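Remember, it's a predicted structure, so these values are computed and weren't measured experimentally. In what follows, chains carry the letters A, B, and so on, assigned in the order in which the sequence lines appear, proteins first and then strands, with residues in each chain numbered from 1.
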Amino acid sequence: MEYNFQDIESKWRQHWAENKTFRAADSSDKPKYYGLDMFPYPSGAGLHVGHPLGYIASDIYARFKRLKGFNVLHPMGYDSFGLPAEQYAIQTGQHPAITTEKNLARYREQLDKIGFSFDWDREVQTSSPDYYKWTQWIFKQLYNSWYNVDADKADDISNLEVVFENEGNATVKAETSQIDIFTAAEWNAFDEATQQKILMNYRLTYLADSMVNWCPALGTVLANDEIKDGVSERGGHPVVQKLMRQWSMRITAYSERLLNGLETIDWSDSIKEQQRNWIGKSVGAAVKFKVQSPRIGTVQDEKLVEQAKEMRANPTDAEAALWTELKGKKLGIKFRKQHLITDFIVDFVCLSKKLIVEIEKDHHGNEESIAKEKIQTKTLEDLGYKIIRLSDEEVVAHTEQVLKSISDALKSLPNQEEESNTNLEEIIGEEQFIEVFTTRPDTIFGVNFLVLAPEHALVAEITTDDQKEAVAAYQKQASLKTERDRQADVKNITGQFTGAYALHPFTGEKVQIWIGDYVLAGYGTGAVMAVPAGDQRDWDFAKHFDIEILNIFEGVDISEAAYAEKEGKMNNSGFLDGLSVRKAMKLAIYEMEKKGIGTGKTTYRLRDAVFSRQRYWGEPFPVYYKNDLPYLIEDDQLPVTLPEVDAYLPTEDGEPPLARAEKDAWNVFEGDRMEYNTMPGWAGSSWYFLRYMDPHNETEFVSKEKADYWNQVDLYIGGSEHATGHLLYSRFWTKFLKDKGFISFDEPFKKLINQGMILGRSSFVYRDKDSGKFVSFGKRKEYKTARLHADISLVDNDKLDLEGFKNWLPEYANAEFILEDDGTYICGSEVEKMSKSKYNVQTPDELVEKFGADTLRCYEMFLGPLEQAKPWDTKGINGVHNFLRKFWRLFHDAEGNFAIEAGEADKKALKTLHKTIKKIEDDLNRFSFNTGVSNFMIAVNELGEQNCNNKAILSDLVVLISPYAPHICEELWTKLGNEAGTLSYAEFPVFNPDFLVEANYAYPVSFNGKMRFKLELPTNMPKDEVEKAVLADEQSQKWLEGKAPKKMIVVPGKIVNVVV
RNA sequence: GCUCGAGUGGUGGAAUUGGUAGACACGCAAGACUUAAAAUCUUGUGUCCAUUAGGACGUGCGGGUUCAAGUCCCGCCUCGAGUACCA
């Protein structure tokens, strides 16, 4: 009987499905093993040969683990919400649920053909309400939690409310965007809206304004991906940066834990490194630069202004106490502090009543001060001001009385017109600071300018009149670029001076304030301090705009480039002079903290993740709004299902598609309206690995018991494109669910392997531009040709099927060809991404049909290392198919009859078998699937040469090969007399090293590192005797050329090297 | 730009800890079988020199460490992936 793979494969697929061979038990005496593939998104194009690559590898490993006696959980399901189905819906009007269902069916059909050992009873789909009910539930958990920094974990928001009621927020250490401090009394007095607004700043998922790429013409937000050259990829409409109120996830609260957790998991260094960089921890300092108003020049005496600001910044206790009572019109009228009137700074003044309140300084009998005070009093009274003088003690001890006397004085005074020219408030404005973060606080003295993001809130306020136009123009230009373009473009240095200056916190020198689009509003504080001496980008910027560059490094030349090394000594740096970088950093931070202008700080590049999408085909939020405040839907009402809409497009006023839903279309409707946004693609995929453990649980997302049993995913296989998205978000959710006590582990995936992409091999034909004839590859240079893709199904070994080509597309029906001399048409080829438009998509179906699933499985593995990207080419598939046929023939005689012999196996066969057992097991343990196939080939070739048909040997070989080629092995297994279906749980053969022992070893003998000849010597010969034997051999004489060897290296059992 | 990864025959790749470079397979060539073709089997196949024997060179490029480098170090080049709303 010939190897009839079609019959064999369909028979065993049916057997496995009917007997639920791969059902995982939720409890077992065996050790557990959880092997998972990354969630596929079922696109309309179906599977191409790249998709199953990882699934085959994980399936081989899962089957191997079953043979090794593990209880294996190996599930599959679909990440079935997503943009492509929605795009398709927009184009065709068909409901995305329908296309998704179709795509799922096609995926399943394709997957079924490849013989995976999935437990299909556990299938999950993110777009199924049974599933997203729990995605919504987890969202609610996040909403009802805050990050307690003291406990270093998430905690119930209700606990936080208790603290607020009793202590206010001053003592709370939390990951929060709340800045203002309030007391318990204040909290309790706030109305609900205010309280909710404050709580929002603590919640782990919260509403906030985030910058998005807004396309007004499409009425939608676009991914950076969807924007090409500043316009939308679809339609070419302009795109602008816009703030939008959206849900965010406070993933930043977990920055440090996400970073540290990497140490505990077995992932590739590259992917860990990518996550580390994504989280981007940097240690440095936050520094505040005071902004000098551009209008400051209008005041005669700059010193006075500075003095006023200084006094304002460092008030005495009495001043502070009194200001608390006067500010914000508490007496019903506006007071100003540290105000300049003519040449005098007064402590407090009410301009509309011309009342001045001065707090007496202790003169200690200083004559000059007393004289000054007298002049001041007289001058001010001449201008029509009334002055109240108070002592420190009076203000502190008898605040009430003081206030009463001020209040009385106010009542007695008439209203006056304010004299604007004396208004210091207007001149210096509110105290403005620009906060920057720097990893190099040691270079603080080298700050020659500051650069703000064009969107920075302060830009509008500080820009001088004569720069307004230029700044606005620059802002407009910047708003048209995507973040990525802004970061990527380093060749074009752009920026715009605002006309404003900041004051250097140590030297007081004026520092120009620029805006530049390489500074991003969303990163850090949206402002950087530029140190051209120490940073190349700043250096380039300074050179380009001709800004001064101060060299702050001792003995370093910075005329040609910045000096970014962290070595050397500081110079021109005040108190840092002569210090090393390390010491200067410490001292700089110390001095900043002492002066109150900065603090040592650790920041993370990681940003909170935007969790809203203005799309239809995603999870609805369990949220409604009442008076514009968000509220959660009760658990017993979940899930909030997707309502029907009349179109999958935004509304005319730019609201998301869900805004189209009628009230009745919602299964749950509360408040004024439901949330219109939906959740992003990563919502459902962040926790799905937990649902597989307990997929039909209706009361919990997963039972604690089952989560404890199955625990972490032991092996997770998928593409590296998920490095910083899915893999980071699911780590975040896992840590959160652990914090809340729902699961007992805080890393989801113990071991991760990234499969490389399978690239397509495109075929090309060459059309002569003059005649329109198609020129064969070898002759294309003789003509002026255009290269066109040809469908790879029409090409075999680069030879084009001419008739097929003519029938392929109507425009080629009358194609004429210029052939090679041998009469064939040869196509050109190139390796590219597999895509429909390149006509290079290879589906697994046709290969399964032609060669069988076992061949496909082995061939995909045989292509090369799992992790590496590789081009797809079916050239070698014949060889792999041949191997399976040879394997089959080992069990059959020349007439095709099943013919094996029981009895003792001979030594050679045992050696082949055990060599193979060892290699296969070693290979599987290091996930080297490709070398596994090679080793099977070697084994089958050797046994074939030996004419081995020994039952014991072949039985072990069947078990060995079965993870790779399960169908053929099941067939042979039953032919060997075993019960059908028992192969999957058979015992993996045990390696016995005794069969590999050899008496002799052929030593490669090298002279000066070059291998010259081999010499067979006993394996157990001692080193010195090997030396003698080598030197005594006549072949050595030629290479020694009569000289004595300088040195000899003998590695027993490996190599001999003679140094001449 | 930044971050990460990869470059080995005509092709996919092997070489696991620094120890025989090119296993295994494809392709190609020659031969056997055949009227012929296909299929199958046998042999050869890194490049260059040489009739042979044999020799020189050889793992993207340039240096280095070592008895010994595809493997380690330094500096480049090329290609691929990610870069926060594709999943």
Using the C1' atom as the point on both nucleotides, what is the distance between B:rC26 and B:rC48, in whole Å?
25 Å

Winner on side-chain proximity to A:Ile1049, out of B:rC4, B:rC67, B:rC24, is B:rC67

So A:Gln246, base contact, sugar-phosphate only, or nothing? Heavy-atom distance under 4.0 Å.
base

Short side-chain donor-acceptor distance under 3.5 Å, A:Thr912 and A:Glu942:
yes

Side chain of A:Val1059 - closest among B:rC67, B:rG13, B:rG12:
B:rC67

What's the CG-C1' distance between A:Asn941 and B:rC41, to the nearest Å?
13 Å

Let me know the distance between CG of A:Leu606 and P of B:rU83, rounded to the nearest Å.
15 Å

How would you list, by chain and number, every residue that makes a side-chain hydrogen bond (donor to acceptor under 3.5 Å, both in side chains) with A:Ser685, sequence neighbours excluded?
none

Ion pair check, A:Arg926 and A:Asp922, cut-off under 4.0 Å
no

In whole angstroms, the gap separating C1' of B:rA15 from CD1 of A:Ile938 amounts to 12 Å

Pair of N/O donor and acceptor under 3.5 Å linking B:rU20 base with A:Lys1054 side chain
no

With sugar-phosphate meaning primed atoms plus P, OP1 and OP2, does A:Trp278 contact a base, only sugar-phosphate, or nothing at under 4.0 Å between heavy atoms?
base

Any N or O donor-acceptor pair under 3.5 Å from the base of B:rC86 to the side chain of A:Gln87?
no

Under-4.0 Å side-chain N/O to phosphate OP1/OP2 contact, A:Arg926 with B:rU16:
no

Nearest-angstrom distance from the residue atom CE of A:Met1011 to P of B:rG54
13 Å

Between B:rA25, B:rU16, B:rA14, which nucleotide has the shortest distance from any of its atoms to the side chain of A:Phe862?
B:rA25

Rounded to whole Å, CZ of A:Arg613 lies from C1' of B:rA84 at a distance of 9 Å

If you only use heavy atoms from C-beta on, which nucleotide in B:rA25, B:rC85, B:rA68 is closest to the side chain of A:Lys886?
B:rA25

A:Asn930 side chain N/O closer than 4.0 Å to the phosphate oxygens (OP1, OP2) of B:rA14?
yes

Over 60° means perpendicular and under 30° means parallel, so classify the ring planes of A:Phe611 and A:Trp682, tilted if in between.
perpendicular

To the nearest Å, how far apart are A:Met679 CE and B:rA87 P?
15 Å

Expressed in whole Å, how much space separates the P atoms belonging to B:rG5 and B:rC74?
13 Å

Would you measure the distance from the P atom in B:rA15 across to the matching atom in B:rA6 and give it in whole Å?
14 Å

Could you give the CG-to-P distance, from A:Asn754 to B:rA81, as a whole number of Å?
15 Å

Are A:Gln275 and A:Leu728 packed together at the side-chain level, in the sense that at least one heavy-atom pair is separated by less than 4.5 angstrom?
yes

In terms of base orientation, is B:rG70 syn or anti, with the syn window spanning 90° either side of 0?
anti

What interatomic distance, in whole Å, is found between C1' of B:rC61 and the corresponding atom of B:rC77?
7 Å

Rounded distance in Å between the P positions of B:rU11 and B:rA69:
25 Å

Can you check whether A:Asn925 has a side-chain N or O nearer than 4.0 Å to OP1 or OP2 of B:rU16?
no

What distance, rounded to whole Å, do you find between the two C1' atoms, one in B:rC2 and one in B:rA23?
40 Å

Of the nucleotides B:rA84, B:rA15, B:rU16, which has the atom closest to the A:Arg605 side chain?
B:rA84

Between P of B:rC4 and CG of A:Leu727, the distance in whole Å
17 Å

Between B:rA25 and B:rG9, how far apart are the two C1' atoms, rounded to whole Å?
14 Å

Donor-acceptor under 3.5 Å (A:Ser1036 side chain, A:Val1030 main chain)
yes

Pairing check on B:rC57: which nucleotide meets the Watson-Crick or G-U wobble criteria with it, both distances under 3.5 Å?
B:rG46

Would you indicate whether the side-chain heavy atoms of A:Phe883 and A:Tyr859 approach each other to under 4.5 Å?
no

With rounding to whole Å, what would you report as the distance between B:rG22 and B:rU59 at their P atoms?
14 Å

Touch check for A:Ser612, heavy atoms < 4.0 angstrom, all strands: base, sugar-phosphate only, or nothing?
base

